[in-house]
Each structure stands twice: as C-alpha cells, then as structure tokens.
Amino acid sequence: MSDKDEIVVAVRNLKVGYGQNVILQDINFQVREGEVFVILGGSGSGKSTLLKNLIGLYTPLQGEVWIEGGNLLAARDDERRLLLRKFGVAYQSGALFGSMTVLENVLLPLDELSPLPEPLKELVAFGKIKLVGLAAAAQKFPSELSGGMQKRAAIARAMALDPDILFLDEPSAGLDPVTSADLDLLIKELAHRFGITFVIVSHELASIYEIADRVIMLDGQARTIVAEGHPAELRDHSTNPWVRRFFNRQPDALASGFHL
Amino acid sequence: MSDAKAQDDLDTNLQFEPPGSARVTLRGRLNAETTVPCWEHLEHGLQGAKLDKLEVDASGLRVCDGAGLALLRYLNMGRMTPGASVSVSGLEAGLEQMFRAFTEEDYEAFHQPTPAKCHPLPEEVGGAMRQAASDLRQQVEFLGSVAGSLLPTLLNRKRMRWREVLRVFESAGANAVPIVSLVSILVGMIIAFEAVQPLQQFGAQIFIVNMIGLVMVRELGPLLASVLLAGRSGSAFAAEIGTMKVNEELDALQTLGLDPIRFLVVQRITAGIFLTPLLAFYAAFLGIVGGMFVALGLGYPLQLIIHQLTSAVHLRDVVLGTSKALVFGAIVSGVGCLRGLQTREGPSAVGVSTTRAVVTSIVLIVIADAIFSILFFVLTR
Ligand SMILES: Nc1ncnc2c1ncn2[C@@H]1O[C@H](COP(=O)(O)OP(=O)(O)OP(=O)(O)O)[C@@H](O)[C@H]1O
Ligand SMILES: [Mg+2]
C-alpha cells in the first residue's frame with residue numbers, strides 16, 4: 001500500500017525435492033507487496049512441492065526463502081512463530097479439521113493466537129466465512145461439504161488472522177465458473193485494495209488472465225522456471241514453445257505431429 | 001468531555017456532545033494489533049453512558065483489516081451502546097461494500113442454535129433395538145455373500161490374488177510371532193504357578209503338566225491366538241477397508257465392476273482361517289513349554305513330564321483345538337472386514353470401526369467357545 005514495492009517473499013537459488021529425488025532447482029524469484037503472483041506448471045511439475053518449501057513445511061535441499069525479511073529456516077522458535085503469523089495457507093486438499101465445524105475451523109487460529117476480545121473473534125470469523133460465501137454452511141462439518149465448499153472454507157481459515165501474505169494451492173480447482181469468478185474478484189479486491197500479497201498455484205487459465213500480476217512457469221522436464229512475466233505477454237511473445245502451448249491450450253500430441 | 005489516546009498507529013477520539021450522543025473518530029491503521037487497545041478504550045469510555053445516538057467516523061482510517069471491520073460491525077450492531085442508534089460513516093468505497101455485505105440478519109443466522117439432539121427413553125431404546133436388528137441382518141447378509149463367493153473365488157486363480165493372501169499371512173501371522181510367544185509362555189507359567197498350591201494339598205503337583213497340556217491345546221491356545229489376532233489384525237482389516245471406504249476407493253471398485261467381498265474380504269478371511277490354527281498350535285506349544293519350566297523347577301525329571309503330557313493329551317483334544325481355531329480365525333477376519341465395510345462418513349468413522357471390530361470379535365469368540373464346550377461335552381458323554 002504505502003510502500004508498494006517492498007519485497008515480501010524472496011527465493012534464492014532454491015533446490016527442492018524428496019530425498020535424493022530433485023524436483024526443482026535454480027529457483028529464483030521475488031514477490032512484491034500487494035502482488036498476485038501465480039505459480040504455473042503442468043501436473044506433477046512440482047508446484048505443490050515448491051509451495052510447501054516456501055511455507056517451511058519441507059526443508060529445501062539448498063537455497064533460502066525469505067518472508068518479510070525473515071528466514072523461516074534459520075529463525076528461532078519465537079521469531080519463527082511471528083513469521084508464521086504473517087502468512088496464511090490454504091492447502092490443495094483443504095485440510096480442514098474433520099472433527100470441527102466450518103465455524104470452529106475458522107475460529108481455531110483466532111482462539112489460539114489472536115489477542116482480540118471474544119465477541120470480536122466471533123465477528124471476524126463470521127466475516128471471513130461470509131466473504132467466501134459459506135454463511136449457510138457455517139455449522140456444518142467438512143465431511144458434509146462439497147469439495148469446492150471445503151476449499152472455500154480452507155481459504156476462510158487461512159484469512160482468519162488477517163495475514164499479509166496468502167499462499168493458496170489451486171484455490172479455484174473444483175469450483176463452478178461463477179464461484180470461481182467470485183473468488184477471483186475477492187482475490188483482486190484483497191490484493192489491490194488491502195495490499196494483501198497472494199502466492200497462488202493455479203491451472204485455471206481464465207482466472208490467471210484475470211488476477212495474475214506476474215506468473216512463473218515451472219517445467220517438470222527442465223526442473224526449473226522456464227518463463228516469468230505477465231500471462232498475456234507470455235502467451236503472445238514467449239519464445240518457449242511449451243509455454244505458448246500451455247497458454248493456448250494446445251495438446252502435446254499436435255505439437256509433435258501426431259494427429260488423432 | 002473529550003479524551004484522545006494516541007496508540008502506535010491508531011488515533012481513537014471519543015466525544016460526548018451534544019448530551020445523549022457520542023462521536024467516535026478513528027484515524028490511522030485499524031488492524032489486529034490496534035483493535036485491542038481501541039476496543040478497551042471504547043468499552044471503558046462508553047460503559048454506563050446513557051446514549052441514544054452514536055456516530056462512528058471512519059474517514060481517517062488508512063488501513064482496516066478483518067479485525068477492524070469486526071470492531072466496526074460490533075459498534076454498528078449497538079452491542080457496546082444498547083439502545084442507541086448507531087451510524088458508521090466515512091469508510092472508503094471498497095471497505096464500505098464489504099462492511100455492508102454483512103448484515104444483522106447474517107449475524108443472527110450464524111447464531112442460530114443447532115437443534116440439540118435429545119431423545120426420550122423409549123425412542124432411544126427403540127432406536128438401539130432397530131440398530132441391533134439391522135446389524136444382525138447385515139452380519140447374516142455378509143455371511144451369506146462371503147459363503148457364496150468363497151469357493152468360486154478360491155477356485156479362480158487369477159481372481160484370488162494369492163499375493164494379497166500372502167501379504168496378510170506375513171503381517172498378521174509371521175509378524176505376530178514374537179508377541180504370541182511372549183504371552184503364551186507367560187500364561188503357561190502363570191497357570192502352572194497358580195495350580196501348584198492347590199494340587200500340593202493332595203500331593204499331586206505332577207498333574208500340573210496334564211492340566212497345562214489340556215488347557216493349552218483345547219482352550220487357551222486357540223483363545224490366545226485369536227484374541228491377539230483380533231487386536232493386531234482384525235482391527236487392521238477394519239482400518240484398511242474403512243479407510244478405503246472413506247476415500248471412496250470401495251465406490252471405485254464397485255464402478256469398476258469388482259465386488260469388494262471378492263476383491264478384499266475373501267483373501268483376508270482365507271488368510272485368517274489358515275493362520276489361526278498355526279498360531280494356536282504355536283501358542284499351545286509355548287504355553288506347555290512355560291508350564292514345563294515350572295515343573296522342571298519343582299524337580300521333576302523331563303522324561304516323567306513328557307510321559308504325563310502324552311498320556312493326558314489325546315488326538316481328539318487336538319482336533320477340538322484345531323476346529324476352534326479355524327472358527328475363531330474366520331470370526332476375527334470376517335468381523336474385521338465387515339466392520340470395515342460398515343464404516344460411515346466422518347473423521348472418527350475409521351476409529352469407531354476398528355474398536356467395533358475388536359469388541360465384536362472377542363464377544364463372538366467367547367460365545368463360539370461356549371457353544372464348542374457344550375457341544376463337546378454332550379457329544380463325548
Ligand atoms: N511425498 C512425496 N514423496 C516423493 N515424491 C513426491 C511426493 N509428493 C510429490 N512427489 C513427486 O514430486 C513431483 C511433484 O509433485 P507435486 O505434488 O509438487 O506436483 P504439482 O505440480 O503440485 O501437481 P498437481 O498440479 O497435479 O497438483 C511429482 O513427480 C511427484 O511424483
Ligand atoms: Mg499440487
């Protein structure tokens with residue numbers, strides 16, 4: 001907002017993977033405050049893996065991740081807790097707590113971590129649930145919700161503490177076009193008006209054109225970032241054939257001269 | 001009357017004029033940190049004041065997050081100033097929209113109490129009876145479909161998936177050997193020690209060997225083996241199949257045209273039936289060894305002990321033990337699978353199924369054991 005060009009997420013020379021199995025390497029990028037930053041890539045290219053390394057769930061094989069000037073990996077316990085409060089995460093599968101209702105799920109971080117007085121906590125939770133359009137399902141359990149509703153509930157929980165940064169893994173997968181467009185609107189609103197930074201993993205081309213300020217494109221074969229920029233720009237001007245194909249939704253088979 | 005309090009980033013100004021009305025002016029950042037002192041400040045200032053009008057001027061807010069919005073909503077609903085008419089003004093357009101989107105009706109809707117589930121006693125009893133009856137029905141149905149598909153599947157080599165049977169054999173049988181050994185030896189020794197004293201009164205200590213032999217082969221071998229199997233593997237079957245049910249894997253099997261009974265249950269029951277007699281024999285053997293240690297400790301020569309043993313345990317005891325073990329094995333593996341298939345939705349469903357698997361198995365084992373004892377008594381009289 002005031003200092004719009006401040007860098008809130010910085011990734012340097014990151015190498016991620018599982019044990020000996022390197023999934024991505026030479027990853028470098030920076031995300032500025034209030035930006036909607038989208039991580040793109042084919043299925044299995046390592047988007048979720050990268051995200052989990054960014055938020056400190058996995059330890060990178062090499063390299064550094066800085067969030068709001070703090071290094072999550074090197075941080076000591078109390079410093080780490082402060083850092084953790086600066087961002088919210090919505091996982092690909094939702095990861096709601098199954099034994100709690102939607103409302104209780106959203107209230108949990110507030111109850112545990114927020115200094116707000118009780119009646120306000122409840123109002124904050126109501127507000128977030130209303131924001132994602134789940135007001136009618138607040139008292140339901142996750143197992144009683146559809147996949148898309150679970151996803152929205154997870155976003156509401158991620159927003160509960162009003163974090164500066166939101167990490168969303170495929171927020172619009174499993175949503176109908178209308179709900180998905182609503183979510184896009186919400187993301188844009190939160191980013192541009194409230195200065196919340198978004199790091200989003202997504203496949204939805206329509207939504208990417210709508211919301212993304214900048215995208216990076218991962219490639220499972222090259223195991224690194226193959227393109228970076230504004231989506232429209234990449235679609236029209238990228239020199240990388242795979243990137244152009246992705247944005248124009250051309251199948252692999254056509255490109256390699258195979259005809260159905 | 002006016003007071004102002006400068007916070008880090010937020011300026012809260014509370015004015016009481018004209019009399020009977022108050023005006024709150026907020027300036028700066030209203031976020032999670034500044035909302036708390038602001039709340040305290042307002043609550044302190046507004047407490048007890050008789051107001052019929054409260055105006056909140058938010059035009060000076062540079063930042064207002066979810067916590068700030070919650071405070072404004074709280075004020076707007078008149079929670080801090082009961083009876084007063086409240087107006088919030090000056091919010092920036094986007095915030096205003098978000099602020100207005102949440103109405104008093106929404107708040108009420110959220111607070112709708114969920115209807116408490118409390119049933120009168122007759123209803124409870126009736127429900128429990130119906131539950132028990134439908135459970136019994138399901139057990140019979142299950143028994144029927146297992147019996148129906150056991151032979152055809154066994155005869156069809158490809159369908160049988162022997163590899164799966166072997167896997168169950170290993171995890172439920174081979175891996176259970178250490179615990180079965182420990183428990184059986186100790187139980188054998190415990191029984192021997194407990195029996196020594198009463199038998200001593202008649203000078204008949206040597207008969208502990210006869211007793212251990214009979215008890216272990218006819219009763220405790222099969223019982224120990226199958227109870228341990230229920231705890232280790234019946235529960236595992238229920239958890240495996242229950243998790244598959246929760247993950248919609250069973251639905252996937254069905255839509256692929258594969259019957260879960262043929263695909264999952266038959267293998268486990270086959271393994272259970274073959275496995276339990278082996279484990280039962282092993283348990284009986286080690287239990288007898290445990291008893292023999294005690295007899296040796298009492299000073300009886302090994303030869304005498306073995307002689308006593310062979311004269312006490314006959315073929316029909318072994319047959320009885322084996323048939324018990326076969327039935328118990330079928331019960332444990334069948335109940336484990338059934339409870340897995342019966343798993344419902346929800347987070348605790350798999351846990352409930354595993355518990356039910358173990359409890360039902362043990363109850364049914366004891367019932368079957370009683371039937372065996374009565375039958376055997378009547379038949380050999
Ligand atoms: N727990 C794990 N252990 C080992 N390898 C894994 C694990 N999780 C994922 N992988 C591997 O890492 C690679 C990247 O997986 P990841 O889940 O990050 O893909 P993704 O880009 O998020 O795909 P999708 O769009 O389908 O969600 C895949 O090749 C996968 O096989
Ligand atoms: Mg993924």
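Source: prediction; values computed, not measured. Naming: A, B, ... by sequence-line order, numbering from 1 per chain.
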*Measure distances from A:Glu122 to the heavy atoms of chain B and classify the residue's part below 4.5 Å as side chain, backbone, both or neither.*
side chain

*Atom CZ of B:Arg232: over 12 foreign heavy atoms under 6.0 Å*: yes

_Please rank A:Leu123, A:Val124, A:Leu103 by heavy-atom pairs under 4.5 Å with chain B and give me the top one._
A:Leu123

*asked:* Is the shortest side-chain heavy-atom distance between A:Ile39 and A:Leu50 below 4.5 Å?
replied: yes

*Mind ranking A:Pro117, A:Ser114, A:Ala136 by heavy-atom pairs under 4.5 Å with chain B and telling me who comes out on top?*
A:Pro117

*Does some side-chain heavy atom of A:Phe87 sit less than 4.5 Å from a side-chain heavy atom of A:Leu54?*
no

*Using a cut-off of under 4.5 Å on heavy-atom pairs, state which of A:Leu116, A:Asp162, A:Ile129 scores highest against chain B.*
A:Asp162

_chain B contact via A:Lys121 - which portion, at a heavy-atom distance below 4.5 Å_ = neither

*More than 12 foreign heavy atoms under 6.0 Å from NE2 of B:His44: is that the case here?*
no

_Counting neighbours of CD on B:Glu123 that are heavy atoms of other residues, nucleotides or ligands and sit closer than 6.0 Å, is the number greater than 12?_
yes

_Check: A:Arg152 side chain, A:Val132 main-chain N or O, donor-acceptor pair, under 3.5 Å_ = yes

*Part of A:Phe126 within contact of chain B (heavy atom distance under 4.5 Å)*: both

*A:Leu131, part contacting chain B, at a heavy-atom distance under 4.5 Å*: side chain

*For B:Glu92, is it the side chain, the backbone, both or neither that has a heavy atom under 4.5 Å from a heavy atom of chain A?*
side chain

*asked:* So which residue, B:Ala67, B:Ala101, B:Gly68, B:Ala32, ends up with the most heavy-atom pairs under 4.5 Å with chain A?
replied: B:Ala67

*Contacting moiety of A:Ile196, where chain B heavy atoms sit under 4.5 Å*: neither

*Any chance CD of B:Glu345 has more than 12 other-residue heavy atoms, nucleotides or ligands included, within less than 6.0 Å?*
no

*asked:* With a 4.5 angstrom heavy-atom cut-off, is it the side chain or the backbone of B:Leu71 that approaches chain A, or both, or neither?
replied: both

*asked:* Please determine whether side chain to side chain contact (heavy atoms under 4.5 Å, CB included) holds for the pair A:Phe29 and A:Val199, giving the CA-CA distance in whole Å, both sets of side-chain angles, and the decisive distance to 0.1 Å.
replied: CA-CA 12 Å; A:Phe29 62 82; A:Val199 177; 5.7 Å; no

